[in-house]
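Every chain is numbered from 1 and lettered A, B, ... according to where its sequence line falls, protein lines coming before strand lines. What you see below is based on every heavy atom in this structure, not just the backbone, and it leaves out hydrogens, waters and symmetry mates.
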Number of protein chains: 2
Amino acid sequence: MARPRQSEATRQRLLDEGVTAFLEHGYHGTGLKAVLDEVNVPKGSFYNYFESKEDFAAAAIRHYADCFADSMQQAMDSSPDPLSGLRSFFKTLMADFEAAGYVGGCLIANLGGELEGSDTCRRALATAFRGWRDSVTDALRQGQELGQVRTDIEAGDLADLLTEAWEGAVIRMKIDRSLAPLHRVLDRLLGDYFQA
Amino acid sequence: MARPRQSEATRQRLLDEGVTAFLEHGYHGTGLKAVLDEVNVPKGSFYNYFESKEDFAAAAIRHYADCFADSMQQAMDSSPDPLSGLRSFFKTLMADFEAAGYVGGCLIANLGGELEGSDTCRRALATAFRGWRDSVTDALRQGQELGQVRTDIEAGDLADLLTEAWEGAVIRMKIDRSLAPLHRVLDRLLGDYFQA
DNA sequence: GATAACAAGACGACCGGTCGTATATATCAG
DNA sequence: CTGATATATACGACCGGTCGTCTTGTTATC
């Protein structure tokens with residue numbers, strides 16, 4: 001053929017930095033130059049990796065969703081039961097939020113609030129949210145089978161409520177600069193409403 | 001002393017249009033020129049009304065919160081009891097969302113996800129959210145006194161959960177272009193968990 | 001040499017913000 | 001009262017800078 005790609009790693013570095021930047025400044029608030037400078041990729045090279053900023057953002061959303069799923073899977077694998085796995089996962093998220101000084105939050109919620117024009121990104125966000133919701137559903141269903149979680153409400157319904165309430169609490173966490181909303185929503189739902 | 005303001009109404013029109021624009025395109029996605037053109041205010045006049053774009057956004061947030069509070073008060077006043085007032089309020093919100101084609105959503109959530117740099121706006125958002133949460137608290141407390149709402153959980157705690165879950169559901173509504181998440185969260189919380 | 005990835009910098013549009021000036025009113029001297 | 005003056009507002013041209021994108025040429029591999 002011809003000159004081979006320098007490396008797939010460059011694309012990954014761009015995506016990593018893209019997730020960080022989009023998290024912190026949103027879509028329109030993020031300039032490609034800032035991302036490119038951060039990972040030392042020349043501006044002229046950007047379009048060798050992505051078709052457009054919109055395409056880049058959609059790829060970043062998918063990348064974020066993949067990392068999110070991995071992180072949750074890891075928490076589930078290293079916990080004795082699904083419910084404590086879920087709590088452990090949320091705990092690591094909270095630790096990350098605190099460490100980051102409450103900036104960032106959840107990419108899905110941040111971009112979801114901002115991206116009206118792009119159907120590409122909207123679809124990526126929908127897939128990402130749905131994937132996470134389904135993972136939570138699985139965990140809750142296992143909790144139901146083990147008698148940890150009430151069975152009179154379908155696991156999917158519980159997962160919808162938990163994930164959506166969590167997203168809302170993350171928004172409020174950012175606004176109030178406090179983890180309290182996150183603790184509250186977990187205590188109220190996992191610790192009370194969802195109990196068998 | 002000097003030439004009188006063309007009218008306070010101009011400022012209001014700017015704020016109305018600002019709320020619309022920020023709702024649809026976010027903070028960084030909204031250009032002042034677009035807002036100004038929409039209400040036929042020259043560029044140079046903008047800074048007679050607001051110190052900066054940031055100041056404008058904070059004012060828009062407060063304006064939005066005021067309209068929100070009025071709308072809720074109206075729903076409460078024209079309902080026989082606080083719980084159905086709450087439901088009526090959410091119903092009008094949903095009708096607005098549907099009419100707008102699921103663009104927009106909630107200004108507090110949209111800007112909350114995006115505005116990391118501005119403490120001014122963050123504080124305005126915190127005040128706005130808190131105000132709404134307190135209104136919901138009042139309604140739920142009245143519901144408790146009337147025996148409509150369970151009393152073993154404090155009204156404030158219920159309001160926190162309801163408002164945050166609602167915000168998360170609005171995010172998901174925008175992503176999925178469907179009112180279903182909103183209906184679900186109301187049925188699950190108001191229709192079940194909150195029941196006396 | 002053929003081919004394809006990489007990169008430099010140009011491009012025009014647009015950004016938030018500023019400037020000088022025109023305009024209209026309030027004040028006050030007479 | 002009249003009319004000069006001070007002053008806050010209205011206004012649009014314009015500022016430097018940044019935006020996402022594209023054209024063009026270079027470089028490395030076959």
Quiz item: Looking at B:Tyr102, does the NZ or CZ of A:Arg122 lie under 6.0 angstrom from its six-membered ring centre and within 45 degrees of the ring axis?
Solution: no
Exercise. Please state how far atom OH in B:Tyr47 lies from atom C1' in C:dG20, giving the value in whole angstrom units.
Key: 17 Å
Quiz item: In whole angstroms, how far is the P atom of D:dA10 from the CG atom of B:Asn40?
Solution: 15 Å
Self-check item: Length of the CG-C1' vector between A:Leu36 and D:dT21, whole Å
Solution: 12 Å
Self-check item: Polar side-chain contact B:Asn48-D:dA10 base: donor and acceptor under 3.5 Å
Solution: yes
Quiz item: Does a salt bridge link B:Lys174 with A:Glu116, judged by any charged N lying under 4.0 Å from a carboxylate O?
Solution: yes
Quiz prompt | Residues forming a side-chain hydrogen bond (donor to acceptor under 3.5 Å, both in side chains) with B:Asp81, sequence neighbours excluded | solution = B:Ser84, B:Gln148
Practice problem: Would you mind reading off the distance between A:Tyr49 atom OH and D:dC22 atom P, rounded to a whole angstrom? | Solution: 18 Å
Practice problem: Could you tell me which residues satisfy salt bridge (charged side-chain N to carboxylate O under 4.0 Å, His left out) with B:Glu164, sequence neighbours excluded, listed by chain and number? | Solution: A:Arg172, A:Arg184
Distances for protein N or O near nucleotides 12-16 of chain D N or O, under 3.5 Å:
from	atom 1	to	atom 2	distance (Å)
D:dG12	N7	B:Gly44	N	3.0

Quiz item: Hey, does A:Ile61 have a side-chain heavy atom less than 4.5 Å from the side chain of A:Cys121?
Solution: yes
Quiz prompt | A:Leu161 and B:Tyr193, any side-chain heavy atoms less than 4.5 Å apart | solution = no
Practice problem: List in chain and number order the residues that pass salt bridge (charged side-chain N to carboxylate O under 4.0 Å, His left out) with B:Asp192, two or more places apart in sequence or in another chain; answer none if no residue qualifies. | Solution: B:Arg188
Quiz item: Restricting to pairs with a member in residues 63-75 of chain B, which pass side-chain hydrogen bond (donor to acceptor under 3.5 Å, both in side chains), not counting sequence neighbours?
Solution: B:Asp16-B:His63, B:Gln73-B:Asp77
Quiz item: Roughly, in whole Å, what's the span from CZ in B:Phe46 to C1' in C:dC19?
Solution: 17 Å
Quiz item: Heavy-atom contacts under 4.0 Å between residues 17-34 of chain B and DNA chain C, which residues?
Solution: B:Thr30, B:Gly31, B:Leu32
Self-check item: From C:dC6, D:dT21, D:dA10, nucleotide with atom closest to A:Lys53 side chain
Solution: D:dT21
